[in-house]
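As structure tokens, the structure follows; a few thoughts come after it.
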Amino acid sequence: MLRIFNSLTNQKETFQPISPGKVGIYVCGMTVYDYCHLGHARVLVVFDIIVRYLRSLGFDVTYIRNITDIDDKIINRANEMGEDFLALTHRFIEAMHEDEAALGVLPPNVEPRATQSIDKILAMIETLVAKGNAYPGSGGDVYYDVSSFATYGELSGKRIEDLRAGARVEINESKADPLDFVLWKAAKPGEPYWDSPWGPGRPGWHIECSAMSTGCLGNHFDIHGGGMDLKFPHHENEIAQSEAATGESFVNMWIHNGFVRVSDEKMSKSLGNFFTVREVLEKYPAEAVRYLIVASHYRSPLNYSDQQLDQARTSLSRLYTALRCLPDARTTEASIDPAYGARFRTAMDDDFNTPEALAVLFDIAREINRAREENDELKATTLGVTLRELGQKLGLIQGDPAAFLQTAAQVSESGPDDETIEKLIAERTEARANKDWAKADRIRDELKVRGIVLEDGGGKTIWRREG
RNA sequence: GGCUGAGUGGCAGAGUGGCUAUGCAGCGGCCUGCAAAGCCGUGGACCUCGGUUCGAAUCCGGGCUCAGCCUCCA
């Protein structure tokens with residue numbers, strides 16, 4: 001039975017879909033004014049794994065992840081770049097898709113964009129105004145009236161009085177209450193705009209997610225996710241908007257992932273301590289980045305460093321080494337070993353405990369190696385299939401083992417090419433046949449210095465690159 | 001100040017009221033021409049002070065420290 005930590009209740013709950021066999025999940029995606037950084041990578045990978053796992057349990061999953069393609073930051077960046085905002089967002093959407101693909105993240109079923117959902121957004125705002133939950137301010141803005149929603153603060157555990165007391169919110173003349181937030185923002189001259197009953201403007205950030213999520217999944221759906229930092233105010237506001245507008249319960253389960261940190265500080269744009277996915281991928285294999293994310297629980301903080309990525313790569317090498325020289329899973333009839341399959345599932349059923357699931361993979365790897373020492377090829381093959389199939393649920397170890405092991409740890413590193421290596425190995429093999437150990441060892445040492453490790457065994461020599 | 005969450009071996013990182021996490025690194029052995037990889041074995045931990053309990057690192061309370069949210073942020 002799958003149990004998930006629900007941020008709304010702060011406890012693990014048994015997952016019960018609203019409609020049997022089906023899951024609707026919405027995740028807050030990117031605001032596309034810059035390249036994805038590792039914090040974004042974590043959201044992408046975490047929810048990719050959650051969706052993969054739900055599907056592997058047999059659920060028919062509808063996965064929605066939006067794109068915020070109009071807001072202040074986008075407008076500012078487009079102005080800085082002297083570029084039309086549509087051209088800017090187009091570029092970064094493409095870049096995001098490239099990063100996702102590199103990280104092995106499967107695309108969502110639907111990827112709605114704010115600029116393509118304006119009619120739904122306006123309809124929801126009109127409903128909120130009609131029901132008395134929103135009001136037009138001066139100057140063409142429309143605000144949500146927080147005091148009109150009795151349970152405001154439920155998700156983040158905040159009370160309206162506390163928020164007011166600690167409010168260092170700037171005084172905005174047209175807001176009735178500093179806690180009220182904007183649903184529709186009037187366009188200044190020269191800014192992109194859409195027409196509305198309140199004049200030309202653009203949607204506020206919070207309302208777009210309410211409109212897109214309910215538009216794609218219905219008024220009441222199973223899971224809503226995103227980074228911890230979106231819990232308040234973004235998700236709090238989404239609940240207030242959606243439930244006031246539809247009169248229905250909005251979301252059953254909220255899932256929030258922890259941050260990526262650098263030197264024990266949150267990685268963020270404002271702190272300037274972020275690494276973009278593409279700059280990291282220039283140095284490390286994408287699978288190592290994915291492994292790093294999977295190796296810690298999604299709610300825990302994840303400390304990022306080069307050493308961590310080196311370790312991730314080394315750990316992956318162990319799994320790939322176990323798979324090396326085994327028949328490809330797809331070419332055999334063998335199926336998953338039931339005992340390991342059950343252990344894996346128990347781990348994942350417990351709030352997607354991927355570190356525990358990885359421990360199962362390493363146990364399988366050890367048993368493969370053991371079987372091989374005992375020349376039990378059949379067992380090794382069966383376990384190899386198990387390892388690959390379970391790895392697939394995490395989006396890991398699907399590549400060719402030799403290719404992974406022979407790819408440089410540091411992508412940018414330039415070592416000898418494959419042909420040169422093979423030639424030197426041939427020379428060394430001849431030297432070894434002549435028992436010219438001095439020469440054989442010299443060749444091996446030379447290659448070692450250049451990052452190439454040789455392994456003799458089974459009458460032949462294989463090689464790999466190491467960091 | 002209010003609200004969350006966290007403090008585990010050399011490092012990373014799970015879990016558990018009494019039973020090996022796992023990976024990397026260390027140590028001993030096997031294998032090897034020597035190595036590497038692999039296998040076997042092994043050392044090393046639960047922030048602090050109280051309480052509950054036959055027994056707590058695991059549950060409860062106080063303290064200390066750290067991170068996050070309360071303002072855009074995945």
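In what follows, chains are A, B, ... by sequence order, proteins preceding strands, each numbered from 1. Values below: all heavy atoms of this structure, side chains included; hydrogens, waters and symmetry mates excluded.
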Do R313(A) and F404(A) form a cation-pi contact, if we require the NZ or CZ to be under 6.0 Å from the six-membered ring centre and within 45 degrees of the ring's axis?
yes
Whole angstroms only, please: what is the CG-C1' distance between D229(A) and C72(B)?
10 Å
Which residue, H297(A) or E367(A), contacts RNA chain B at a nucleotide closer to its 5' end, judged by nearest heavy atom?
H297(A)
Determine the contact category for V260(A): base if any of its heavy atoms lies under 4.0 Å from a base atom, sugar-phosphate if only primed atoms, P, OP1 or OP2 are that close, otherwise nothing.
base
When the P atoms of A57(B) and G51(B) are compared, how many Å lie between them, rounded to an integer?
13 Å
Applying a 4.0 Å non-hydrogen cut-off, can you work out what G39(A) is touching in the nucleic acid: base, sugar-phosphate, or nothing?
base
Determine whether any donor atom in the side chain of K266(A) lies under 3.5 Å from an acceptor atom in the base of C73(B), or the reverse, and answer yes or no.
yes
With P as the reference atom in both, quote the distance from G13(B) to G7(B) in angstrom, rounded to an integer.
11 Å
What integer number of Å spans the P atoms of C40(B) and G23(B)?
10 Å
For the residue pair E208(A) and S117(A), confirm or rule out a side-chain donor-acceptor distance under 3.5 Å.
no
Using the C1' atom as the point on both nucleotides, what is the distance between G63(B) and U22(B), in whole Å?
33 Å
Is any NZ, NE, NH1 or NH2 atom of the basic residue among E374(A) and K379(A) found under 4.0 Å from an Asp or Glu carboxylate oxygen of the other?
no
Who passes side chain to side chain contact (heavy atoms under 4.5 Å, CB included) against R345(A), sequence neighbours left out?
Y53(A), L57(A), D349(A)
Assess whether side-chain contact (heavy atoms from CB on, under 4.5 Å) is satisfied between K439(A) and N434(A), documenting all intermediate values.
CA-CA 10 Å; K439(A) 184 177 179 187; N434(A) 297 330; over 6 Å; no
Residues T62(A) and N109(A): side-chain donor-acceptor under 3.5 angstrom:
no
Figure out the CD1/P separation between I293(A) and G13(B), and round it to whole Å.
14 Å
With C1' as the reference atom in both, quote the distance from G28(B) to U8(B) in angstrom, rounded to an integer.
27 Å
Does any residue of residues 353-364 of chain A have a heavy atom under 4.0 Å from RNA chain B, and if so, which ones, in number order?
N353(A), P355(A), E356(A), A359(A), F362(A), D363(A)
Charged N to carboxylate O under 4.0 angstrom, D71(A) versus R77(A)?
no
Side chain to side chain contact (heavy atoms under 4.5 Å, CB included) against N369(A), all qualifying residues, sequence neighbours excluded
R318(A), A322(A), R372(A)
Pairing partner of C59(B) (Watson-Crick or G-U wobble, both distances under 3.5 Å):
G51(B)
Partner set under ring pair (Phe, Tyr, Trp, His ring centres under 6.0 Å) for F85(A), not counting sequence neighbours
none
What is the pairing partner of C30(B), taking Watson-Crick or G-U wobble pairs with both distances under 3.5 Å in any strand?
G38(B)
Rounded P spacing from A12(B) to C49(B) in Å:
23 Å
Is H256(A) touching bases, backbone alone, or none of the nucleic acid, heavy atoms closer than 4.0 Å?
nothing
Taking the six-membered ring of F275(A), is NZ or CZ of K283(A) closer than 6.0 Å to its centre and within 45° of its axis?
no
Any salt bridge between R444(A) and D441(A), counting N to O under 4.0 Å?
yes
Counting only side-chain N and O atoms of R370(A), is one of them less than 4.0 Å from OP1 or OP2 of C40(B)?
yes
If pairing requires Watson-Crick or G-U wobble contacts with both distances under 3.5 Å, which nucleotide is the partner of G17(B)?
none
Whole-Å distance separating the CG atom of L38(A) from the C1' atom of C73(B)
15 Å
Using the P atom on both, measure A36(B) against C30(B) and round to a whole Å.
14 Å
Rounded to whole Å, the CZ-P distance (R343(A) to U20(B)) equals 13 Å
Of residues 62-81 of chain A, the positions that come close to RNA chain B - non-hydrogen atoms, cut-off under 4.0 Å
K73(A)
Does a salt bridge link D141(A) with K175(A), judged by any charged N lying under 4.0 Å from a carboxylate O?
no
Taking any strand in view, what nucleotide pairs with A67(B) in a Watson-Crick or G-U wobble way, both distances under 3.5 Å?
U4(B)
If you check every side-chain atom of K158(A), which of A67(B), C73(B), C69(B) has the closest atom?
C69(B)
Categorize R366(A) for me: base, sugar-phosphate, or nothing, with a 4.0 angstrom heavy-atom threshold over every strand shown.
sugar-phosphate
Using a 4.0 Å heavy-atom cut-off, write out nucleotides 24-37 of chain B from 5' to 3' as B (base contacted by protein), S (sugar-phosphate only) or - (no contact).
S--------BBBBS
SB check R164(A) D177(A) (cutoff 4.0 Å)
yes
Just checking S7(A): base, sugar-phosphate only, or nothing, at a heavy-atom cut-off of under 4.0 Å?
nothing
Closer to the 5' end of RNA chain B via nearest nucleotide, is it G157(A) or N369(A)?
G157(A)
Using the C1' atom as the reference point in each nucleotide, state the distance between C47(B) and C66(B) in Å, no decimals.
11 Å
Students often get this wrong, so: under 4.0 angstrom with heavy atoms, is N257(A) touching a base, only sugar-phosphate, or nothing?
base
Do the charged groups of D337(A) and R343(A) touch, with an N to O distance under 4.0 Å?
no
Considering every strand shown, what is the Watson-Crick or G-U wobble mate of A74(B) when both distances are under 3.5 Å?
none
